[in-house]
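Down below is the structure, laid out as structure tokens.
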Amino acid sequence: MWKRCVKSRLGSLALALIAMSAHPIHAANPANPQKVIRQAFEAPDDGFDMAKTQNYYSGWVSEAIFEPLLTYDYLASPAKLVPRTTVAMPEIKDSGKVFVFHLKPGIYFAPDPVFKGKKRELTANDYVYSFKRVLDPVNRSPHASFIDGKIAGMGALVAAANRANKFDYDAPVAGLKALDRYTLRVELEAPDYNFLYVVAYGAFGAVAREAIEGYGEQTGLHPVGTGPYMVKSYAPRHKIDLVANPEYRGSDWDFKSTGSAWDDQVVREMKGKRMPQVGRIEISIIEEEQSRWLAFQDGQIDMDMLPQIAAPQALDGEKLKPELAVKGIKLYRMMEPGITFSTFNMRDPLVGGYSREKIALRRAMAMAYNPADEIAQMRLGQAIKAETMVPPGVVGNDPGYRSSIGYDIKLANQLLDYFGYKRGADGYRTMPDGTPLLIKKATESKADQKVQAEIWKKGLEKIGIRVEFNIGNFADNMKAASACQLQMWTGAWAADFPDGENFLQLLTSAKAGRGNHACYESPAYDSLYKSAVALAPGEARTRLYREMNRQMEADTPWVLHTTRIRNWITSARVKGYKKHPILHACWEYIDVIQQ
């Protein structure tokens, strides 16, 4: 069967190449192939099938390939939704339950052999299909909870798919209809005040059914979208090269300044240009911070997030040191709308479970971790302590909230003593039943992760707990954590949309084993979440967000660490750059000076 599929695919490729040579594509994309941006990622991607992954770097690249219905204004603050593939913002009816989107005609997918040499126009049915893919049980999408149970009539289709072990993509759904070629109607079971943020999220970018069915399990290696860029070559976990999608329609750069000096400069550099300008994106995976910093200094990278290890060399307080600024290097500094945290696997026989003694073990370990050490030693001052799951800059953050779990070695020891975790002659504790107590924490080989491992080890030694660190790579650890296979791991979450729901959904039972890396299942937490998302933004919803934080602290599936300060640096070649709080792929909004 595999051989036959390969033969068919090669045949399609040959036919497509013949057709493309007979009918040359007249490019609408204004990008200049001589303009190249070189960038580095600090960790590898996991392919580009966004229905199946929540890998940060996969999402970054996918933003340039796939287009959701809506996106964000490049400069606006706070973040503001704007049309992407639609002619305008949607019509909203029936008290916020019905949304009607009108697509722009003449949007085309990037040329690909699956289309057999024909231009393939984006239609409303592509969004119907793309939404259904996220809910197809076989995909085990980590994003399913964003729309699961929300679209009228979809629940019955998902239930049928679970029974039959097959999703019927042709079955009609009352709440998800293509009214005509360019009109999409979505009806919700109940009003959802964040629904438009959801449809602007990259996992809901349009894919073509022909591409998904044609590439099958290899879809993540062959992304086909309508965005400004397409994959030219891809060496997983090493190199990603993007080129301008010749079918992309282009746009005029026309964003308004927020009044800041930075925005004013961006507008002066970019206003009126036909976008995108950059024709090629070359992305290297460079996990080691020192190597990335040296590559930037040597001119091998045009833009990067300043490695934390380089902060003392590059920064004078909150500004670049003069010797870097004189070279034309620019610094954009921001508080990331995100959090870092460690997870306990609640299904693990040693650290998991909801009994009082297991909660006490996790709580004591949480109290043994010192965020101040992380800020000073790992982040080199480029972070603040995270008090709540909802970070600053995100709707629902309570600036007065303080976590009930603090760094307290004395209390952590008392807690373990009380619940029977006895110390042996070697000073290390056992489980209450006398069996060995050894924590196995997954980590990566990066320099900052080694520093964090030492912080964990130092704290756990003080409470008599032995820990072993298992080193892997980010992509593999992500897969294992998603499958509830890691006892303990440290991760981070940056906002997919600017509301606390995006963070609090990470611990809902529906996402256990599908993005909920703690595999936490709490009826009390779920009930609070359900009540919160039914409310409009305001104090009542924020109060429920606070209660969810308290419930998390009570069960301790997470140990909250920090919110990072990000320092984005660009070479003198780059024009128009500003790091967006939600979007990652800025390449279509910037320009470079040709070398």
Exercise for the section: Sequence neighbours left out, what passes side chain to side chain donor-acceptor pair (under 3.5 Å) with Arg333? Give chain and number order. Expected result: Gln382, Asn567
Practice task
Side-chain contact test, heavy atoms from C-beta onward, threshold under 4.5 Å: evaluate it for Met346 versus Asn516 and give yes or no.
Solution key: no
Practice task
Quickly, which of Thr563, Thr542, Thr388, Asp499 forms a side chain to side chain contact (heavy atoms under 4.5 Å, CB included) with Asn397? Name it, please.
Solution key: Thr388
Exercise for the section: Using salt bridge (Lys or Arg N to Asp or Glu O under 4.0 Å) as the criterion, list what pairs up with Glu63, not counting sequence neighbours. Expected result: none
Exercise for the section: Give me the ring orientation class for Tyr197 and Tyr72: parallel if the planes are under 30° apart, tilted from 30 to 60°, perpendicular past 60°. Expected result: parallel
Practice task
Check whether the side chains of Tyr57 and Glu42 place a donor and an acceptor atom closer than 3.5 Å, and report yes or no.
Solution key: yes
Handout entry: Any side-chain heavy-atom pair of Asp496 and Tyr201 under 4.5 Å
Key = yes
Practice task
Verify salt bridge (charged side-chain N to carboxylate O under 4.0 Å, His left out) between Arg249 and Glu67, making sure each step is shown before the conclusion.
Solution key: CA-CA 12 Å; Arg249 57 207 177 273; Glu67 293 188 285; 2.7 Å; yes
Practice task
Write down the atom of Lys104, the atom of Arg84, and the distance for their closest heavy-atom approach.
Solution key: NZ-O, 3.3 Å
Practice task
Would you please say whether a donor-acceptor pair under 3.5 Å links the side chains of Asp302 and Tyr577?
Solution key: no
Result block: side-chain N/O donor-acceptor pairs under 3.5 angstrom for residues 158-166, not counting sequence neighbours:
residue	atom	partner	partner atom	Å
Asn162	ND2	Val158	O	3.3

Problem - Pairwise side-chain contact, Ile590 with Val574, heavy-atom cut-off 4.5 Å (strictly under) - result: yes
Problem - Side-chain touch Tyr332/Val266, heavy atoms, less than 4.5 angstrom - result: no
Problem - Short side-chain donor-acceptor distance under 3.5 Å, Ser58 and Asp46 - result: no
Practice task
Could you tell me which residues satisfy disulfide bond (SG atoms under 2.5 Å apart) with Cys586, sequence neighbours excluded, listed by chain and number?
Solution key: none
Practice task
Find out whether Val390 and Val395 are in side-chain contact, i.e. whether some heavy atom of one side chain is under 4.5 Å from a heavy atom of the other.
Solution key: no
Problem - Check: His584 ring centre within less than 6.0 Å of Tyr56 ring centre - result: yes
Exercise for the section: Ignoring hydrogens and angles, state whether a donor on the side chain of Asn502 or Trp493 is under 3.5 Å from an acceptor on the partner side chain. Expected result: yes
Exercise for the section: Taking all non-hydrogen atoms of both residues into account, name the closest pair between Gln54 and Ser482 and its distance. Expected result: OE1-OG, 4.4 Å
Handout entry: All side chain to side chain donor-acceptor pair (under 3.5 Å) counterparts of Glu547, not counting sequence neighbours
Key = none
Practice task
With sequence neighbours excluded, give me every ring pair (Phe, Tyr, Trp, His ring centres under 6.0 Å) pair touching residues 76-108.
Solution key: Phe99-Phe195
Practice task
Verify the distance criterion only: is there a donor paired with an acceptor across the side chains of Trp587 and Gln39 at less than 3.5 Å?
Solution key: yes
Practice task
Assess whether side chain to side chain donor-acceptor pair (under 3.5 Å) is satisfied between Thr258 and Asp263, documenting all intermediate values.
Solution key: CA-CA 6 Å; Thr258 61; Asp263 280 11; 2.7 Å; yes
Handout entry: Steps toward ring pair (Phe, Tyr, Trp, His ring centres under 6.0 Å) verdict (Tyr401, Tyr545)
Key = CA-CA 11 Å; Tyr401 186 94; Tyr545 285 179; over 10 Å; no
Problem - Member of Tyr234, Tyr215, Phe48 meeting the ring-ring contact (aromatic ring centres under 6.0 Å, His included) criterion with His222 - result: Tyr215
Practice task
State, without any angle test, whether Glu588 and Tyr74 hold a side-chain donor-acceptor pair at a distance under 3.5 Å.
Solution key: no
Practice task
Could you tell me whether the side chain of Thr53 and the main chain of Met50 form a donor-acceptor pair under 3.5 Å?
Solution key: no
Exercise for the section: Report yes or no: does Thr183 contribute a side-chain atom to a donor-acceptor pair with the main-chain N or O of Asp180 at less than 3.5 Å? Expected result: no
Problem - Donor-acceptor contact present, side-chain Arg140 to main-chain Ala483, <3.5 Å - result: no
Problem - Heavy-atom check, side chain of Pro30 versus side chain of Pro276, under 4.5 Å - result: yes
Practice task
Would you check if the side chain of Arg280 reaches a backbone N or O of Pro33 as a donor-acceptor pair within less than 3.5 Å?
Solution key: yes
Problem - Any donor-acceptor pair under 3.5 Å from Asn139 side chain to Lys52 backbone - result: no
Exercise for the section: Answer yes or no: is there a donor N or O on one side and an acceptor on the other, between the side chain of Asp526 and the main chain of Glu521, under 3.5 Å? Expected result: no
Exercise for the section: Say whether, by atom type as modelled, one donor and one acceptor occur between the side chain of His580 and the main chain of Ala585 under 3.5 angstrom. Expected result: no
Exercise for the section: Check the surroundings of atom CD in Glu539: do more than 12 heavy atoms from other residues, nucleotides or ligands lie under 6.0 Å from it? Expected result: yes
Practice task
Take Lys132 and Met154 through the side chain to side chain contact (heavy atoms under 4.5 Å, CB included) test and state the conclusion after the steps.
Solution key: CA-CA 9 Å; Lys132 287 180 175 179; Met154 186 67 81; 4.0 Å; yes
Practice task
Check the surroundings of atom NZ in Lys575: do more than 12 heavy atoms from other residues, nucleotides or ligands lie under 6.0 Å from it?
Solution key: yes
